[in-house]
Amino acid sequence: MANSFGAMSVAQLSSLIQTAAVDPIEVTQAVLEGIDAYADRAVFTAILRDRALEEAMLSSKRLREGRSRGMLDGIPIAWKDLFDIKGRTTTAGSTVLATGPAAEADAAVVAALKQAGMISIGCTAMSEFAFSGLGLNPHFGTPGNPASVDVPRIPGGSSSGSGVAVAAGLVPVAMGTDTGGSVRIPAAFNGIVGYKATRGRYPMDGVYPLAKSLDSLGPLCRTVKDAVWIDAALRGAPFPSLPARPVEGLEIVVPENVVFDGAQPGVIASFEAALDRLSGVGASITRITIPAFDSILGLMSRYGALVTAEAYALHRELLTGSAADDMDRRVVLRTRLGEKTTLSDYLAILDARQRLIVDVERLVGDSLVAFPSVAHVAPPIAPLEADDELFFATNGQTLRNTMLGNFLDWCGVSVPCGTGEANMPVGLLLSAVAGRDEAVLGAALGAEEVVRGDLK
């Protein structure tokens with residue numbers, strides 16, 4: 001771990017700060033020193049040193065005067081580089097945007113957590129324009145997965161730097177975005193917790209978009225409790241009040257179709273072992289077929305992906321100009337596929353999406369849905385950089401499980417549940433239908449220790 005404060009959970013560090021065992025200035029300086037000393041320079045695209053130290057001094061003063069803003073006061077946080085930070089240009093992982101104007105104001109969620117007393121440490125690496133589930137970036141570099149002990153492995157994307165910053169112990173929490181799995185994938189690959197909120201739960205003002213019909217936000221952190229605390233602050237709650245839901249009596253459905261296709265044996269073994277532990281303490285596990293999963297894949301095959309159509313509409317001018325020469329070729333190739341989706345195709349996708357959402361809500365009801373966050377562990381970086389065909393195939397496989405939830409407007413929490421091939425982390429994804437964030441967070445909070453098993 002890079003430094004003891006960054007390696008703590010939000011709740012652990014908060015206890016030290018609120019009892020004056022440590023000062024926010026001391027914490028911030030140690031976190032900044034830990035980042036400076038970390039060998040992998042691709043984790044952050046910018047360090048907000050002056051801002052962080054100023055915010056730490058203000059937090060320290062509040063705490064000394066008995067004016068704490070709550071349990072998050074003085075806690076460091078990192079931001080994926082598509083959240084606007086006042087006075088800084090938001091790059092969205094692209095050199096094409098790097099010379100643009102500086103943001104005139106913080107993104108709404110950045111402002112909300114600043115109001116809660118959190119300290120913005122820096123901006124983290126990401127896939128260019130957030131358009132990849134792998135985390136590779138040829139412009140700013142690809143951060144290595146800190147869980148790997150054999151060869152450099154991918155961090156998962158697109159919130160790559162956010163996942164690595166937490167997993168490496170550089171910061172206790174980092175914010176990401178999730179359009180097809182970009183919070184839950186790096187959480188699973190790096191062995192941490194990732195919470196994808198229901199789309200629209202938090203304001204998107206000042207967040208660089210990818211596909212507005214799918215974009216959502218969420219924290220990458222060390223524990224589910226940390227995610228609950230961040231969620232409360234983002235919604236303006238004075239303090240987190242969500243209770244843990246007992247595992248006994250918890251109703252969980254496990255899909256039998258799509259999500260296990262091509263899954264690595266180690267992933268399946270860790271997931272099934274976690275299910276056995278949950279069942280052993282009273283959870284009800286039911287295995288069902290969710291026809292909508294096959295329907296979603298059929299829609300993508302017939303019309304193209306919804307995310308690709310909306311990404312193309314957003315980036316059309318860049319793709320038809322000289323700027324495309326300065327973009328990641330894989331992002332360009334994938335985004336240009338959206339040109340094939342006609343308006344009638346797009347409307348057909350949206351119409352089918354609404355029908356499928358209703359169908360699944362009727363089928364699943366108040367039950368939670370569990371399956372592996374990703375069907376494989378984090379693969380090595382080098383072969384993906386060398387082979388575009390392998391890159392696209394792996395990207396599709398990596399995104400497959402999580403993107404189902406985005407299409408159906410679900411919320412979900414990825415919790416580490418064991419290890420698979422090459423002793424790399426595996427995540428169990430617990431999901432619920434749109435708007436049932438409290439239910440899925442409460443269940444994950446109660447089940448986390450059981451899901452983790454013997455993990456530290």
- In this structure, are over 12 heavy atoms from other groups packed under 6.0 Å from Glu248 atom CD? no

- Query: Are Asp73 and Ser59 close enough that a side-chain donor and a side-chain acceptor fall under 3.5 Å?
  - Reply: yes

- Message: Has Thr28 got a side-chain atom pairing as donor or acceptor with Ala56's backbone, closer than 3.5 angstrom?
- Response: no

- Query: Do the side chains of Pro255 and Ile288 get nearer than 4.5 Å, heavy atoms only?
  - Reply: no

- Going by atom types alone, do Asn423 and Thr419 pair a side-chain donor with an acceptor below 3.5 Å? yes

- According to the ring pair (Phe, Tyr, Trp, His ring centres under 6.0 Å) rule, which pairs have a member within residues 257-279, sequence neighbours left out? Phe260-Phe271

- Any chance CD of Gln264 has more than 12 other-residue heavy atoms, nucleotides or ligands included, within less than 6.0 Å? yes

Residues 289-304, side-chain donor-acceptor partners within the protein, below 3.5 Å, at least two apart:
residue	atom	partner	partner atom	Å
Asp294	OD2	Asn257	ND2	2.8
Ser295	OG	Pro291	O	3.3

- Item | Donor-acceptor pair, side chain of Arg62 and main chain of Arg69, under 3.5 angstrom | no

- Note on the structure: Phe83 meets the ring-ring contact (aromatic ring centres under 6.0 Å, His included) criterion, sequence neighbours left out, with Trp79

- Task: Please report the C-alpha distance between Ile47 and Phe44 in whole Å, then the side-chain angles of each, then the deciding distance to 0.1 Å, and finally whether the side-chain contact (heavy atoms from CB on, under 4.5 Å) criterion is met.
- Result: CA-CA 7 Å; Ile47 304 300; Phe44 285 85; 3.6 Å; yes

- Task: Give a yes or no on whether the backbone of Ser158 and the side-chain of Ser132 come within a donor-acceptor separation of less than 3.5 Å.
- Result: no

- Message: Set out, in order, the CA-CA distance, both residues' side-chain angles and the distance that settles side chain to side chain donor-acceptor pair (under 3.5 Å) for Ser216 and Asp178, then state yes or no.
- Response: CA-CA 5 Å; Ser216 59; Asp178 193 310; 4.5 Å; no

- Message: For Lys212, is there an ion pair with Asp215 - N to carboxylate O distance below 4.0 angstrom?
- Response: no

- Message: Do Arg153 and Phe189 form a cation-pi contact, if we require the NZ or CZ to be under 6.0 Å from the six-membered ring centre and within 45 degrees of the ring's axis?
- Response: no

- Salt bridge flag under 4.0 Å for residues Arg201 and Glu438: yes

- If you measure only the distance, is there a donor-acceptor pair under 3.5 Å linking the side chains of Ser213 and Glu310? yes

- Task: Drop me the distance from Ile349's CD1 to Leu356's CG, to the nearest 0.5 angstrom.
- Result: 11.5 Å

- Item | Side-chain donor or acceptor of Ser127 paired with backbone N/O of Ala130 under 3.5 Å | no

- Can a salt bridge be assigned to the pair Arg355 and Asp351 using a cut-off of 4.0 Å between side-chain N and carboxylate O? yes

- side-chain contact (heavy atoms from CB on, under 4.5 Å) with Pro243: which residues, sequence neighbours excluded? none

- Message: Between Ser159 and Ser182 (side chain of the first, backbone of the second, donor and acceptor by atom type, cut-off under 3.5 Å), is there such a pair?
- Response: yes

- Message: Can you confirm whether Glu26 sits close enough to Val31 that some side-chain heavy atom of one is under 4.5 Å from a side-chain heavy atom of the other?
- Response: no

- Item | Under the side-chain contact (heavy atoms from CB on, under 4.5 Å) test, residues paired with Asp205 that sit two or more places apart | Ala108, Pro203

- Query: Are Ser68 and Gln18 linked by a side-chain donor-acceptor pair shorter than 3.5 Å?
  - Reply: yes

- Are Phe131 and Thr308 side-chain neighbours, meaning at least one heavy-atom pair lies under 4.5 Å? yes

- When you check the side-chain N and O atoms of Tyr208 and Asp81, is any donor under 3.5 Å from an acceptor? no

- Message: Any non-hydrogen side-chain atom of Tyr38 less than 4.5 Å from a side-chain atom of Pro146?
- Response: yes

- Message: Taking the basic N atoms (NZ, or NE/NH1/NH2) and the acidic carboxylate oxygens, is any pair closer than 4.0 Å for Glu448 and Arg277?
- Response: no

- Query: Any salt bridge between Asp106 and Arg51, counting N to O under 4.0 Å?
  - Reply: yes

- Mind checking whether Glu251 and Thr286 have side chains closer than 4.5 Å, heavy atoms only? no

- Polar side chain donor-acceptor pair, Lys80 to Thr177, under 3.5 angstrom: yes

- Task: Answer yes or no for Arg353 and Phe407: cation-pi contact, defined as NZ/CZ to six-membered ring centre under 6.0 Å and angle to ring axis within 45°.
- Result: yes

For residues 427-434, which side-chain donor-acceptor pairs fall under 3.5 Å, sequence neighbours excluded?
none

- Message: Could you tell me if Asn406 and Arg184 have a donor-acceptor pair between their side chains, going purely by distance under 3.5 Å?
- Response: yes

- Query: Is any side-chain heavy atom of Leu210 closer than 4.5 Å to a side-chain heavy atom of Val307?
  - Reply: yes

- Query: Do you see a donor-acceptor pair shorter than 3.5 Å between the side chains of Tyr195 and Asp226?
  - Reply: no

- Short side-chain donor-acceptor distance under 3.5 Å, Thr142 and Asn137: no

- Tell me, do Gln397 and Val374 make a side-chain contact under 4.5 Å, heavy atoms counted? no

